[in-house]
Amino acid sequence: MPELPEVETIVRALQTNVGASIKNIEIRRKDILRLEEFPTAELHGRTIKNIRRRGKFLIFELGSDLNLIFHLGMSGRFYMQAATEEPVEKHIHVIMNLNNGISLIYQDPRRFGGVWLVRDRERFFSNMGREPLSSGFTAVYLEGILKQRKAPVKNLLLNQHLISGIGNIYADESLFTAGIRPDRPAASLSRQEIKKLHRSIRKVLRQGIKLRGTTFRDYRDAFNESGGFQDYLKVYGRQNQPCQQCGKLIQRIRIAGRSTHFCTNCQR
DNA sequence: CGCTAGTCCTGTCTGC
DNA sequence: TGCAGACAGGACTAGC
């Protein structure tokens with residue numbers, strides 16, 4: 001469920017724990033661990049040097065040689081609570097108790113997410129596409145991704161090896177803002193359209209972050225609170241409702257197995 | 001190599 | 001109220 005703006009929101013809230021150290025870590029479900037070797041003993045006593053995001057991944061830097069990395073999948077949550085509070089909810093898989101009295105809780109009912117313990121962070125992320133809000137994500141880079149490819153443009157926006165962090169909601173919203181149908185073959189976009197799409201992606205993601213993410217169903221931030229961007233969605237989840245720009249009913253189709261929302265009049 | 005369909009899992013909502 | 005079926009902010013993979 002969480003895409004770039006949601007993970008970014010969580011990371012920013014967790015920053016208050018930088019400098020704290022890990023008293024202990026409780027792994028309640030082993031199958032959420034994505035590595036055969038997962039030496040939890042190495043985590044004890046480690047100081048959290050930094051907390052950051054890469055794409056949809058949440059990274060705890062525990063020194064120059066160790067990173068604890070989470071992916072929230074479709075249904076994952078990551079939140080803080082006082083260590084004195086009992087973790088009562090279902091599907092809590094990891095609890096990290098810090099020496100500042102805070103417990104960090106990782107919860108994921110569907111278990112599409114995962115946890116990694118990674119020494120070489122560069123290598124772990126070597127196959128990932130550029131960050132859409134970084135200076136490296138230019139219109140020229142986007143053009144390079146889209147040209148010569150006949151897959152629907154939306155598929156390519158969702159491909160984490162090409163661009164990191166965009167998911168189903170922000171793909172649909174970016175394409176609406178750009179006025180481009182999601183099922184257009186990528187190679188059919190003109191240079192002007194690519195420029196518009198590039199600007200739209202950045203604009204929509206920035207707005208998503210500013211409003212602290214989208215709570216469409218069950219996303220919650222690190223304080224277990226809802227986001228605000230759901231009130232500003234133009235197409236996602238608005239099938240059969242009138243387009244706010246032209247009044248035509250928003251359509252829902254299926255692209256690459258994902259439900260896809262767009263306006264047949266405003267997007268061409 | 002590019003692309004699509006199928007798969008993993010639990011919870012929730014809709015319609016009969 | 002029960003129950004079946006569809007669907008969900010993701011991402012691998014097998015196979016064409």
Side-chain angles (χ1 to χ4, degrees), chain A residues 1-11 28-35 53-58 69-78 89-93 106-116 124-125 127-129 132 144-176 182-188 201 204-205 207-209 211-222 226-240 252-261:
Chain A
M1 307 158 88
E3 307 181 31
L4 187 155
E6 288 74 36
V7 180
E8 180 68 23
T9 302
I10 291 169
V11 163
R28 292 190 170 183
R29 262 200 94 114
K30 275 238 159 124
D31 58 5
I32 205 78
L33 307 178
R34 297 302 191 89
L35 296 174
R53 176 191 62 74
R54 177 80 173 88
K56 300 171 192 171
F57 289 90
L58 175 56
I69 301 180
F70 293 84
H71 194 292
L72 303 181
M74 286 279 255
S75 56
R77 286 187 189 172
F78 204 100
E89 297 192 332
K90 287 174 74 178
H91 307 295
I92 291 174
H93 307 314
Y106 173 66
Q107 178 190 34
D108 184 11
R110 294 176 74 181
R111 279 179 278 128
F112 287 178
V115 188
W116 293 259
F124 185 78
F125 291 117
N127 286 328
M128 284 205 80
I145 285 168
L146 301 181
K147 71 178 177 188
Q148 307 287 76
R149 307 188 65 154
K150 52 185 177 186
V153 58
K154 178 178 173 180
N155 287 20
L156 301 180
L157 297 186
L158 292 175
N159 186 334
Q160 303 299 300
H161 302 297
L162 304 176
I163 310 169
S164 54
I166 300 175
N168 210 29
I169 292 179
Y170 295 95
D172 281 5
E173 293 298 312
S174 297
L175 286 160
F176 175 83
D183 55 355
R184 282 268 300 280
S188 74
I201 288 168
V204 167
L205 291 175
Q207 202 191 352
I209 292 171
L211 291 165
R212 297 174 30 263
T214 305
T215 298
F216 192 74
R217 288 183 112 86
D218 44 11
Y219 162 74
R220 293 282 135 69
D221 67 18
S226 299
F229 194 56
Q230 63 279 2
D231 299 333
Y232 297 86
L233 295 173
K234 302 274 199 267
V235 286
Y236 187 88
R238 297 196 66 248
Q239 61 272 15
N240 302 322
R252 184 170 80 166
I253 61 171
R254 202 154 266 280
I255 296 180
R258 312 297 301 278
S259 71
T260 299
H261 316 72

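By convention in this document, chain letters (A, B, ...) are assigned in the order of the sequence lines, proteins followed by strands, and residues within each chain are numbered from 1. All values below were derived from every heavy atom in this structure, side-chain atoms included, with hydrogens, water molecules and symmetry-related copies excluded. Worth saying up front: this structure is predicted, and the values here are computed from it rather than measured.
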Would you please confirm or rule out a distance under 4.0 Å between OP1 or OP2 of C/dA8 and any side-chain N or O of A/Asn168? no
Would you indicate which nucleotide in C/dG9, B/dC3, C/dA8 comes nearest to any side-chain atom of A/Leu156? B/dC3
Distance between C1' atoms of B/dC3 and C/dG9 (Å, rounded): 23 Å
Picking from C/dC12, C/dG9, C/dG10, the nucleotide nearest the side-chain atoms of A/His161 would be C/dC12
Hey, are the side chains of A/His91 and A/Asp108 touching, using non-hydrogen atoms and a 4.5 Å cut-off? no
How many Å lie between CD on A/Gln239 and P on B/dT14, as a whole number? 12 Å
Does C/dA8 have its OP1 or OP2 closer than 4.0 Å to a side-chain nitrogen or oxygen of A/Ser259? yes
With a non-hydrogen cut-off below 4.0 angstrom, is A/Asn155 in contact with a base, only sugar-phosphate, or nothing? sugar-phosphate
Counting C-beta onward and ignoring hydrogens, is there a side-chain heavy-atom pair between A/Glu173 and A/Gln207 closer than 4.5 Å? no
Between CG of A/Asn159 and P of B/dT4 the distance, given in whole Å, is 12 Å
Using only side-chain N and O atoms of A/Tyr170, determine if any of them is under 4.0 Å from OP1 or OP2 of C/dG9. no
Nearest atoms (heavy-atom pairs only) where A/Ser164 meets A/Pro132: O-CD, 2.9 Å
Provide, to the nearest angstrom, the distance between the CZ atom belonging to A/Arg252 and the P atom belonging to C/dG9. 9 Å
For B/dG2 and A/Lys150 - does any side-chain N or O of the residue sit under 4.0 Å from the phosphate oxygens OP1/OP2? no
Base paired to C/dG9 (Watson-Crick or G-U; both N/O distances under 3.5 angstrom): none
Of the listed nucleotides B/dG11, C/dG9, B/dG2, the one nearest the side chain of A/Glu3: C/dG9
Has A/His91 got a side-chain N or O lying under 4.0 Å from the OP1 or OP2 atom of B/dC9? no
Is C/dG9 in the syn or the anti form, by the rule that syn lies within 90° of 0? syn
Using side-chain heavy atoms (C-beta onward) and a distance below 4.5 Å, is A/Tyr106 in contact with A/Leu72? yes
Contact check, side chains of A/Phe176 and A/Val204, non-hydrogen atoms, under 4.5 Å: no
Determine: side-chain N/O of A/Arg258 to OP1/OP2 of B/dG6, distance under 4.0 Å, yes or no. no
Ignoring backbone atoms, test whether A/His71 places a side-chain nitrogen or oxygen under 4.0 Å from the OP1 or OP2 oxygen of C/dG10. no
Under 4.0 Å between a side-chain N or O of A/Arg110 and OP1 or OP2 of C/dG10? no
Between C1' of C/dG10 and CE of A/Met128, the distance in whole Å: 12 Å
Does B/dC9 have A/Phe112 stacked on its base, where the ring centres are within less than 5.5 Å and the planes differ by under 30°? no
Does the side chain of A/Tyr170 pick up a donor-acceptor pair with the side chain of A/Glu6 at under 3.5 Å? yes
What is the distance, rounded to the nearest whole Å, between atom CD of A/Glu6 and atom P of C/dG10? 9 Å
So which nucleotide from C/dC7, B/dG2, C/dG9 ends up closest to the side chain of A/Arg254? C/dC7
Rounded to whole angstrom, note down the P distance from C/dA14 over to B/dC9. 16 Å
Regarding A/Thr260 and A/Arg252, is there a side-chain donor-to-acceptor distance under 3.5 Å anywhere? no
Counting only side-chain nitrogens and oxygens, does A/Arg217 get under 4.0 Å of the OP1 or OP2 atom of B/dT12? no
Atom NZ of A/Lys154 and atom C1' of C/dG9 are separated, to the nearest Å, by 11 Å
Indicate, with a heavy-atom threshold strictly under 4.0 Å, whether A/Gly257 touches base, sugar-phosphate, or nothing. nothing
Any strand is fair game: report the nucleotide pairing with B/dC9 by Watson-Crick or G-U wobble, both distances under 3.5 Å, or none. none
Identify whether any heavy atom of A/Ala256 sits under 4.0 Å from a base atom; if not, whether one sits that close to sugar-phosphate; answer base, sugar-phosphate or nothing. nothing
Gap between atoms CD1 and P, on A/Ile163 and C/dG10 respectively (whole Å): 14 Å
Quick check on B/dG11: is either OP1 or OP2 less than 4.0 Å from any side-chain nitrogen or oxygen of A/Arg111? no
